[in-house]
Structures are given as C-alpha cells and as structure tokens.
2 protein chains.
Amino acid sequence: MRPDLTTALRRALFEEWSQTGYVGISLESVALRAGAGKAAIYRRWPSKLAFASDAIETVGVDLAAFSDCGSLEADLTAFLLTMRRALRHRLVRRILPDLLAERACSRDLAPLIDRLARRRRAEGERMLDRAVARGELRTHLDRELALDLIPSPLYWRMIVRERATTRAEVDRQARALVAALRAC
Amino acid sequence: MRPDLTTALRRALFEEWSQTGYVGISLESVALRAGAGKAAIYRRWPSKLAFASDAIETVGVDLAAFSDCGSLEADLTAFLLTMRRALRHRLVRRILPDLLAERACSRDLAPLIDRLARRRRAEGERMLDRAVARGELRTHLDRELALDLIPSPLYWRMIVRERATTRAEVDRQARALVAALRAC
DNA sequence: ATGCGTCGATACGCTTGCGTTCCATTCACG
DNA sequence: CGTGAATGGAACGCAAGCGTATCGACGCAT
C-alpha cells in the first residue's frame with residue numbers, strides 16, 4: 001500500500017469536495033484526479049463516508065487554536081489571526097460550510113463535526129479561565145455566550161459574506177469582542 | 001395552470017431541499033411529493049435553478065427585519081428575536097447553510113443570495129443611523145464591523161452549533177452587542 | 001528467480017434521474 | 001356540447017456513477 005498514493009487520494013478528495021459539495025463527490029472523479037484507479041480507493045476505505053472522515057481527521061480541518069499571549073485582547077487577536085489564516089484557505093472556505101449543510105441533511109458527518117467543535121470549545125474555556133484569573137473578566141460571566149461571540153463575527157464575515165479581513169479589521173474585532181465579553 | 005399546484009410544488013421543493021441539499025434535489029421526487037407529474041414542473045420552470053430561485057424569492061427566505069423600538073438595545077433585541085424566529089424554522093435551518101455551501105461550489109445561486117444580503121444590510125444601516133441620531137453610538141463607528149457583529153453570534157449558535165436560544169439568552173446577547181457596538 | 005501485494009485501467013450489472021414526449025383524462029370556458 | 005389547456009402517469013434514450021471483479025504490469029522482499 002503506497003502512502004504517497006493515499007495522500008494524493010486525500011488531496012484529490014478535498015479538491016473534488018470543494019467543487020461539488022459532499023453529496024456530489026464522485027469517487028471516480030477523485031480517483032482520476034489523483035491519477036489512480038477506483039479500486040485504490042476501495043482498497044483503503046469501504047465507503048465515501050469513511051474516506052471523507054479519514055481525510056478530515058488526518059488533515060485536521062479545524063478553525064483555530066487559542067494561546068496565552070498575556071492579555072485577553074492579545075489572546076483574542078491571536079485566535080482571530082489563526083482563524084483568519086485557516087479561513088483564507090480556499091478549500092477550507094468551501095468545505096466548511098458544506099460540512100455544516102451536510103450535517104443538517106444527513107447525520108453521517110455529525111460525529112466528526114462534534115469532535116472538532118468540542119476540542120475548540122475546550123480551548124476557548126481555557127482562554128476564559130486565564131482572563132478571569134487576570135481579573136479581566138467577571139468570574140461568573142456567561143461562558144456560553146462568550147464562546148459564541150468569539151468566533152462568530154469572523155466566521156460570518158469570511159464564510160457567510162465571503163469578505164476578506166485585514167489585520168486592522170482583526171484588531172478592531174478583537175477590541176469589540178473584549179467589550180462584549182466584559183458585558184457578558 | 002393551477003396556482004394551488006404551483007404552491008404545492010414550491011413547498012415540496014423546500015422539503016426535498018432540506019433533506020438532500022440543493023445538488024441532491026431530484027425533480028422526480030419533488031413532483032411525487034407534490035402529488036404531481038414531472039411535466040408539471042417543466043411546464044412552469046425550465047430548470048432546477050429557475051425553480052429554486054423562484055421558490056426562494058416567492059417565499060422570501062430572509063433572516064430578519066429591523067424595526068424602530070426606541071433604543072439601540074431594544075432595536076437589537078427585536079432584530080434578534082425576529083431572526084431567532086426565522087432560524088427556528090426547520091426548513092430554514094437546513095436550507096440556509098446549504099445555500100451558502102452551494103454558493104461556494106457553484107455561482108448559480110449567488111445573485112439570489114446577494115440580493116437577500118443587500119436588503120438586510122441596508123436595513124441594518126438604518127438601525128445604526130437611528131442609534132447615532134439618538135447619541136447611542138459614535139458618529140464614525142465602524143459600520144462594516146458593526147453589521148458583521150449584529151447577526152453573527154445568533155447565526156453561529158443556531159446554525160453552526162445547532163443550539164436553541166432562549167429569550168433570556170437573546171437579551172444577554174443584545175446587551176453584549178450594545179457594548180461591542182459602542183467599542184466599534 | 002519467485003511470490004506477494006498493489007497498481008491502473010477497464011468491464012460489468014445495476015440504479016437513479018434527467019429532459020422530453022406521449023396519452024387518456026379532467027376541467028373551464030364559450 | 002365542443003374545444004383547448006393542463007393534468008398525472010409513464011415511457012424513452014441517455015448519462016453518470018456505484019461497488020465489484022478481473023487482468024497484466026510493476027515493485028519489493030526473500
């Protein structure tokens with residue numbers, strides 16, 4: 001089993017996915033794109049779902065990571081910059097909304113999406129912990145609301161509205177979010 | 001040409017759309033669901049795209065409307081409550097993300113989505129005008145950012161995270177948004 | 001050299017659905 | 001009543017793709 005071919009197949013899947021959406025993925029087209037035969041796909045994965053799940057988990061299409069930058073605003077800025085970098089990627093920009101849409105129609109991909117979401121939210125909790133410890137946020141702030149507020153404006157702008165976001169816009173967004181989180 | 005049948009066909013399209021996504025819509029299934037023959041669809045619309053565009057425009061899948069409630073916070077709360085009502089609708093919750101995903105893959109539906117988005121944003125501008133006139137917001141606030149902030153947390157929560165939102169949560173969200181808009 | 005696993009290419013039977021067309025029936029109107 | 005429009009149901013030729021299987025070729029390890 002050739003690992004380089006497995007990688008090529010995964011890459012081809014993402015390209016095809018970004019053009020057709022999950023439902024429209026033709027495994028024949030994926031194989032062709034990878035310069036392989038269809039049997040090579042079936043030797044590795046029993047189904048489209050298994051193939052897609054493996055590919056997503058392997059590449060780790062994840063929005064962003066949180067890190068400790070010394071202050072809430074700096075943490076938020078770093079998060080938004082990382083998220084911006086991920087959403088700038090053409091394939092991510094196309095596959096991410098399709099993942100959500102597909103989940104609404106068929107629950108096949110739901111476990112995968114849930115796993116990704118859970119990881120990110122746990123990291124967000126840790127960032128809130130740090131801000132509380134620094135005295136930047138109230139101890140009993142509404143964490144549900146805070147964790148919805150943080151990624152949503154950037155997601156809305158870049159995915160829903162398909163707009164680019166400058167570094168200055170990220171900075172302003174972080175400042176607005178700090179104000180919002182203080183009111184949570 | 002029976003108008004009641006046209007209506008039934010549109011309704012059937014939405015049901016099918018919510019189950020299969022746009023790509024997976026089978027006009028045969030739509031016709032069957034509406035208790036009609038396929039020819040009835042082709043007599044009215046030349047293609048799936050024309051059918052879908054007509055249906056969306058006729059029903060007006062729109063997120064929400066803005067109204068003057070006397071203060072920025074009240075305006076925002078009213079907006080969020082209206083948007084919440086729309087997003088509670090099962091078909092909307094499924095078709096909306098699919099519209100976005102489909103737009104990313106194929107530009108067929110882009111003009112339709114742009115029209116919907118433009119209308120809503122213009123109304124958002126008027127709400128900001130009112131808040132500025134009342135002295136609630138700075139004259140030169142970052143309107144781009146403000147108009148991204150307003151709908152995004154609710155969209156994120158209800159569509160991306162598939163979570164319900166209580167009236168109390170809407171109120172808290174409105175308050176956080178006021179704080180954010182003041183920092184814009 | 002030999003054996004094994006994997007490869008791409010292809011064929012196969014099957015399914016689904018498209019867009020078009022047809023037909024007997026129904027309905028509304030003059 | 002006669003006529004024309006529209007109807008649901010179905011047939012048609014065509015296309016695409018699925019999942020399975022096969023075959024000769026290739027690369028690698030022994």
Side-chain angles (χ1 to χ4, degrees), chain A residues 1-56 58 94-95 98-99 101-109 112, chain B residues 1-56 58 94-95 98-99 101-102 105-109 112:
Chain A
M1 205 66 94
R2 289 174 37 197
D4 63 308
L5 184 56
T6 306
T7 301
L9 285 168
R10 286 194 191 107
R11 195 168 288 137
L13 177 78
F14 285 131
E15 286 290 340
E16 201 69 18
W17 192 338
S18 79
Q19 287 184 24
T20 65
Y22 181 78
V23 167
I25 293 172
S26 143
L27 294 184
E28 278 185 24
S29 298
V30 172
L32 212 67
R33 191 184 282 264
K38 211 169 24 171
I41 295 180
Y42 285 104
R43 281 188 205 112
R44 290 164 171 75
W45 301 285
S47 65
K48 183 160 86 169
L49 175 62
F51 186 8
S53 298
D54 167 76
I56 291 274
T58 301
R94 289 176 171 201
I95 291 172
D98 189 71
L99 271 172
E102 187 57 29
R103 179 191 57 180
C105 296
S106 140
R107 313 308 296 184
D108 285 348
L109 294 169
L112 174 66
Chain B
M1 205 63 97
R2 289 172 38 195
D4 62 308
L5 183 55
T6 306
T7 300
L9 285 169
R10 287 195 190 105
R11 195 169 287 136
L13 177 78
F14 286 131
E15 285 290 340
E16 201 67 18
W17 193 336
S18 79
Q19 287 185 21
T20 65
Y22 180 79
V23 168
I25 294 171
S26 143
L27 295 185
E28 277 184 28
S29 298
V30 172
L32 211 69
R33 190 183 287 263
K38 208 166 34 169
I41 295 180
Y42 284 103
R43 280 190 205 111
R44 289 163 172 78
W45 302 284
S47 65
K48 184 160 84 167
L49 175 62
F51 186 9
S53 299
D54 167 76
I56 291 275
T58 301
R94 292 179 167 196
I95 292 174
D98 191 70
L99 270 173
E102 188 55 31
C105 295
S106 139
R107 313 308 296 182
D108 285 350
L109 294 169
L112 176 66

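Below, chain A is the first sequence line, B the second, and so on; all start at residue 1. Note that this is a predicted model, so its numbers are computed, not measured.
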**Student:** What distance separates B:R33 CZ from B:S26 OG, expressed to the nearest 0.5 Å?
**Tutor:**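 Taking CZ in B:R33 and OG in B:S26, the distance rounds to 10.0 Å.
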**Student:** Separation of B:L27 atom CG from C:dT20 atom P, in whole Å?
**Tutor:**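 Computing the B:L27:CG to C:dT20:P distance gives 12 Å.
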**Student:** Nearest whole Å is fine: how far is C:dT16 C1' from B:K48 NZ?
**Tutor:**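 Nearest whole value for this atom pair: 13 Å.
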**Student:** Could you check if a side-chain atom of B:R44 sits within less than 4.5 angstrom of a side-chain atom of B:D54, using non-hydrogen atoms only?
**Tutor:**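 Answer no - side chains too far apart.
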**Student:** Rounded to the nearest 0.5 Å, what separates atom CD in B:E15 from atom CD1 in B:I25?
**Tutor:**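 These two atoms lie 11.5 Å from each other.
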**Student:** Once rounded to the nearest 0.5 Å, what's the spacing between atom CG of B:D98 and atom OG1 of B:T20?
**Tutor:**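 Between B:D98 CG and B:T20 OG1, I get 7.5 Å after rounding to 0.5 Å.
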**Student:** Run through DNA chain C and report every stem of 3 or more consecutive Watson-Crick or G-U pairs, distances under 3.5 Å, ordered by first number.
**Tutor:**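 Detected stem regions: C:1-30 with D:1-30.
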**Student:** B:I25 near the nucleic acid: base, sugar-phosphate alone, or nothing, with a heavy-atom cut-off under 4.0 Å?
**Tutor:**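 It contacts sugar-phosphate atoms only.
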**Student:** For the pair made of CG in A:D4 and C1' in C:dC7, what is the distance, rounded to whole Å?
**Tutor:**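 After rounding, the reported distance stands at 11 Å.
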**Student:** For nucleotides 6-9 of chain D, list the nitrogen or oxygen atoms of the protein found under 3.5 Å from its nitrogen or oxygen atoms, one pair per line.
**Tutor:**
residue: D:dT7; atom: OP1; partner: B:R2; partner atom: N; Å: 3.4
residue: D:dT7; atom: OP1; partner: B:R44; partner atom: NH1; Å: 3.4
residue: D:dT7; atom: OP1; partner: B:R44; partner atom: NH2; Å: 2.5
residue: D:dT7; atom: OP2; partner: B:R43; partner atom: NH1; Å: 3.3
residue: D:dT7; atom: OP2; partner: B:R44; partner atom: NH1; Å: 3.4
residue: D:dG8; atom: OP1; partner: B:G35; partner atom: O; Å: 3.4
residue: D:dG8; atom: OP2; partner: B:G37; partner atom: N; Å: 3.3

**Student:** Quickly work out the A:R33 CZ to C:dA9 P distance and round it to whole Å.
**Tutor:**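 In whole Å, C:dA9 P lies 16 Å from A:R33 CZ.
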**Student:** Expressed in angstrom and rounded to an integer, what is the separation of B:I41 atom CD1 from C:dT20 atom C1'?
**Tutor:**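 Atom-to-atom, B:I41 to C:dT20, this comes out as 14 Å.
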**Student:** Nearest 0.5 Å, what's the OG1-CZ distance between B:T6 and B:R10?
**Tutor:**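 Output value for this atom pair is 6.0 Å.
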**Student:** Between P on C:dA11 and OH on A:Y42, what's the gap in Å once rounded to a whole number?
**Tutor:**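 Result: 18 Å.
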**Student:** Using whole Å, what does the distance between atom C1' of nucleotide D:dA16 and atom CD of A:E16 come to?
**Tutor:**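 Checked: the CD to C1' distance equals 13 Å.
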**Student:** Calculate the interatomic distance between A:E28 atom CD and D:dT20 atom C1'; express it in whole Å.
**Tutor:**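 Answer to the nearest Å: 12 Å.
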**Student:** Side chains of A:I56 and A:F14: does their closest heavy-atom pair fall under 4.5 Å?
**Tutor:**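 In contact.
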**Student:** For a quick test of reading the model, state the closest non-hydrogen atom pair linking B:A101 to A:A101 and the distance between them.
**Tutor:**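 In this case the closest contact between B:A101 and A:A101 is CB-CB, 4.0 Å.
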**Student:** Would you compute the distance between atom CG of A:L112 and atom CD of A:E102 and round it to the nearest 0.5 angstrom?
**Tutor:**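 So the gap between those two atoms works out to 11.5 Å.
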**Student:** Heavy atoms only: give me the nearest A:M1-A:R43 pair and the separation to one decimal.
**Tutor:**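 That closest heavy-atom pairing would be CE-O, 3.7 Å.
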